[in-house]
Amino acid sequence: MAFHIYNTLTRKKELFEPVEPNKVKMYLCGPTVYDFFHIGNARPLIMFDVLRRYLRYRGFDVRYVVNITDIDDKIINKAIAQNRTASEVATEFTRAYFQDIDKLGIERPDLSPRATDFMRDIINTIQQLIDRGFAYELDGDVYYEVEKFVGYGKLSGKNINELQAGARVDVDDRKRSPMDFAVWKSSKPGEPWWESPWGKGRPGWHIECSVMSSKLLGGTFDIHAGGVDLIFPHHENEIAQAEGASDCPFVHYWMHNGFLNIEGEKMSKSLGNFFTTREILAKYPAEVLRMFFLLKHYRSPINFSEERILESQQALERIVETLKNIDLILADFQDVGAATDETIANQKAALIDAMDDDFNTASAMGTLFELVKSANLIIAENNFTKENIVTLKAIRELLVDVNEFFGIIPDKSSGTFGTDESFYLDMLTEIRRELRDARQWGMADTIRDRLQSIGIELEDRKDKSIWKRNFNKK
RNA sequence: GGCGGCGUAGCCAAGUGGCUAAGGCGGAGGUCUGCAAAACCUCUAUUCAUCGGUUCGACUCCGAUCGCCGCCUCCA
């Protein structure tokens with residue numbers, strides 16, 4: 001199967017055919033940097049990071065852009081509230097954003113353009129919209145005239161007339177239609193501004209994405225992604241702007257991830273169920289968080305709770321544990337030759353099929369656990385024929401292989417200790433082993449208890465003891 | 001009101017017009033072990049919200065009903 005994705009624009013699953021063969025140009029609506037990003041924001045960042053890596057794994061040359069909106073009402077409001085400049089606020093949270101995505105194991109996008117670095121392009125695009133009759137100026141503001149764009153509503157399935165009926169009463173009745181939206185806002189005293197043909201002002205919310213994505217990815221690009229809530233008005237408006245300004249189709253495939261809820265309710269500050277990704281990362285490893293998202297299809301709503309996270313953690317540990325056990329066994333069987341195993345190859349094909357079918361990570365995970373099960377069966381039977389060793393090796397290679405895009409297996413399966421700590425822990429474990437061989441149970445148990453108290457679990461296996469960081473209670 | 005989505009075991013969650021409805025968590029047994037812990041193995045839905053219809057056959061297609069949710073306003 002070739003890669004298929006569900007396209008919001010057509011509401012169908014479609015075969016993915018890039019504009020340029022073997023190249024994928026994709027854009028994700030990134031953060032508005034006015035605060036730490038929350039656990040709901042983490043979903044698209046993680047999922048589309050996995051998609052990007054998966055497409056690369058499948059042989060595409062991927063160019064991935066995630067913008068940073070660093071000028072916006074929310075930033076200005078925060079700056080005013082804290083008596084700082086908007087740019088200070090934006091700088092602080094841009095830095096925090098990069099720290100957080102690094103911690104999440106998200107690969108840096110190829111480009112992370114900031115809106116304020118594209119002011120000239122934004123102004124040019126607005127001028128084009130005016131020249132082409134899609135936008136009009138009103139006392140220093142510029143509005144997009146929705147009615148002028150025939151395709152308006154094609155992404156969200158909204159009908160202009162119905163929208164009009166339900167539109168809120170706009171304070172600004174100078175607009176030709178209540179639906180018209182600002183592409184340029186004149187600056188009020190104390191607000192940041194840029195010089196423009198319409199006076200001092202700043203861009204409206206949607207224009208920066210249209211401009212940066214078109215500019216950096218070319219006239220028509222392949223994938224534009226974001227949360228479902230962005231379909232309207234943000235992405236609808238992006239289309240109107242980009243296609244109004246240029247004539248060529250904006251984007252081929254629109255992908256939207258489902259919402260994250262907290263204990264069944266929408267996350268909001270007023271409900272007091274608001275979590276930043278930082279807070280969660282302080283309690284759980286990034287790999288667990290990635291696992292949590294990967295266990296469900298990206299388009300479904302997902303419910304966030306500690307219980308779900310703990311489940312994901314248990315599930316992930318099953319994989320990590322098996323990998324470790326395979327390694328312990330393979331260490332005794334060098335040079336088994338090429339690891340070709342037909343059954344495992346079929347499993348791999350099934351996993352790839354699942355991923356190709358609208359990026360079904362939940363199904364792919366199911367296959368992964370089947371592999372884990374077959375490895376565990378071999379290990380449980382203690383039947384290390386050459387054939388079985390080859391199978392174990394093949395499973396190991398596959399797990400490591402797909403981790404290239406899943407990013408769920410910690411670098412050192414034993415935990416986050418550096419080589420120094422590992423050295424001493426190995427030594428202690430060895431000494432304790434000798435004590436046990438000498439039947440000095442008291443001392444052996446003391447070592448076990450003491451290590452336990454600093455978060456290290458000891459496991460006594462048949463012929464060796466191993467230590468691991470206690471993943472759970474951090 | 002308009003648009004869209006969802007309802008699968010105790011919980012989470014894939015999936016399919018027809019061979020045994022993936023997988024995970026939890027639970028119950030068991031193996032291993034100096035004792036533990038951990039780990040592993042086995043078992044855990046005659047059934048897919050309800051009621052009709054289409055069909056040789058539906059959980060999967062169609063219709064209705066009930067329930068839940070999202071968007072239409074800033075929001076990933």
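Naming: A, B, ... by sequence-line order, numbering from 1 per chain. Side chains included, hydrogens not; waters and symmetry mates left out as well; all remaining heavy atoms used. Since this is a predicted model, take the numbers as computed values, not measurements.
- Candidate nucleotides B:rG34, B:rG70, B:rA76 were compared by shortest atom distance to the side chain of A:A444, and B:rG34 ranks first.
- Using a 4.0 Å cut-off between charged nitrogen and carboxylate oxygen, A:E434 and A:R432 do not count as a salt-bridge pair.
- Under a 3.5 Å cut-off, the side chain of A:Y144 and the backbone N or O of A:A240 do form a donor-acceptor pair.
- What separates CH2 of A:W254 from C1' of B:rG4 is a distance of 17 Å, to the nearest Å.
- With sequence neighbours left out, A:K154 forms a salt bridge (charged side-chain N to carboxylate O under 4.0 Å, His left out) with A:E243.
- The separation between A:R432 atom CZ and B:rA36 atom C1' is 9 Å, rounded to whole Å.
- Among the atoms of the strands shown, base atoms are found under 4.0 Å from some heavy atom of A:A362.
- Judged by closest nucleotide on RNA chain B, A:I319 is the one of A:D72 and A:I319 placed further toward the 5' end.
- Between A:R436 and A:D445 no salt bridge is recorded (no basic side-chain N to carboxylate O distance below 4.0 Å).
- Taking a cutoff of 4.0 Å between a charged side-chain nitrogen and a carboxylate oxygen, A:R84 and A:E92 qualify as a salt bridge.
- A salt bridge does not link A:K175 with A:D141: none of the charged nitrogens is closer than 4.0 Å to a carboxylate oxygen.
- Using a 4.0 Å heavy-atom cutoff across all strands shown, A:R433 reaches no nucleic acid atom at all.
- Closest to the side chain of A:N325, from the set B:rG70, B:rA39, B:rC12, is B:rA39.
- For the pair A:D358 CG and B:rG15 C1', the interatomic distance rounds to 14 Å; values are reported in whole Å.
- For the P atoms, the distance from B:rC72 to B:rU55 is 43 Å, rounded to whole Å.
- Ranking B:rG4, B:rG34, B:rC74 by closeness to the A:R11 side chain, first place goes to B:rG4.
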Would you list the atom pairs, donor with acceptor, under 3.5 Å between side chains in residues 46-55 of chain A and any protein atom, with sequence neighbours excluded?
| residue | atom | partner | partner atom | Å |
| --- | --- | --- | --- | --- |
| A:D49 | OD1 | A:E107 | N | 3.1 |
| A:D49 | OD2 | A:R53 | NE | 3.3 |
| A:D49 | OD2 | A:R53 | NH2 | 3.2 |
| A:D49 | OD2 | A:R290 | NH1 | 3.4 |
| A:D49 | OD2 | A:R290 | NH2 | 2.9 |
| A:R52 | NH1 | A:E107 | O | 3.4 |
| A:R52 | NH1 | A:R108 | O | 3.0 |
| A:R52 | NH2 | A:R108 | O | 3.2 |
| A:R52 | NH2 | A:D110 | OD1 | 3.3 |
| A:R53 | NH1 | A:E404 | O | 3.1 |
| A:R53 | NH2 | A:G105 | O | 2.5 |
| A:Y54 | OH | A:R58 | NE | 3.1 |
| A:Y54 | OH | A:I352 | O | 3.4 |
| A:Y54 | OH | A:D356 | OD1 | 2.7 |

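- Comparing A:S374 and A:H38 along RNA chain B, the residue whose closest nucleotide (by nearest heavy atom) sits nearer the 5' end is A:S374.
- Of the candidate nucleotides B:rG34, B:rC40, B:rA37, B:rG34 has the atom lying nearest to any side-chain atom of A:W441.
- For the P atoms, the distance linking B:rA76 with B:rA38 amounts to 41 Å, nearest Å.
- Within 4.0 Å (heavy atoms only), A:L260 reaches at least one base atom of the nucleic acid.
- Rounded to an integer number of Å, the gap from CG of A:N382 to P of B:rC41 is 14 Å.
- The side chain to side chain contact (heavy atoms under 4.5 Å, CB included) check on A:A182 picks up A:Y143, A:K185, with sequence neighbours excluded.
- When heavy atoms are screened at a 4.0 angstrom cut-off, A:E459 is found touching base atoms of the nucleic acid.
- Distance noted for atom P between B:rG18 and B:rC48: 16 Å (whole Å).
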### Message
Just to be sure I follow the notation: if a pair is Watson-Crick (purine N1 to pyrimidine N3 plus N6-O4 or O6-N4) or a G-U wobble (N1-O2 and O6-N3), each under 3.5 Å, what dot-bracket string does RNA chain B give, with | for pairs to another strand?
### Response
(((((((..(((.....[....)))((((((.......))))))....(((((..]....))))))))))))....
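- Inspection of the A:H206 and A:H235 side chains reveals no N or O donor paired with an N or O acceptor under 3.5 Å.
- Contacts of A:G40 with the nucleic acid, taken as non-hydrogen atoms under 4.0 Å apart, include base atoms.
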Expected list for residues 368-376 of chain A: side-chain donor-acceptor pairs under 3.5 angstrom, two or more places apart:
| residue | atom | partner | partner atom | Å |
| --- | --- | --- | --- | --- |
| A:S374 | OG | A:E370 | O | 3.0 |
| A:S374 | OG | A:L371 | O | 3.0 |
| A:N376 | OD1 | A:T322 | OG1 | 3.1 |
| A:N376 | ND2 | A:T322 | OG1 | 3.3 |
| A:N376 | ND2 | A:V372 | O | 3.4 |

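- Residue A:K373 has a polar side-chain atom (N or O) positioned under 4.0 Å from OP1 or OP2 of B:rU42.
- Put simply, the side chain of A:D445 and the base of B:rG34 share a donor and an acceptor less than 3.5 Å apart.
- Among the atoms of the strands shown, none is found under 4.0 Å from any heavy atom of A:E381.
- Closest to the A:N360 side chain, of the nucleotides B:rU42, B:rC12, B:rG15, is B:rG15.
- At least one side-chain nitrogen or oxygen of A:S300 sits closer than 4.0 Å to the OP1 or OP2 atom of B:rA14.
- Distance from the side chain of A:N41 is smallest for B:rA76 among the nucleotides B:rA14, B:rG23, B:rA76.
- For A:D341 (side chain) and A:A394 (main-chain N/O), no donor-acceptor pair under 3.5 Å exists by modelled atom type.
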Under 3.5 Å, N/O pairs linking protein and nucleotides 25-33 of chain B:
none

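- One can place CG of A:L458 at 14 Å from P of B:rA39, the figure rounded to the nearest angstrom.
- Distances from the side chain of A:R448 to the nucleotides B:rA14, B:rG23, B:rC35 place B:rC35 closest.
- Closest to the A:R308 side chain, of the nucleotides B:rA14, B:rC11, B:rC71, is B:rC11.
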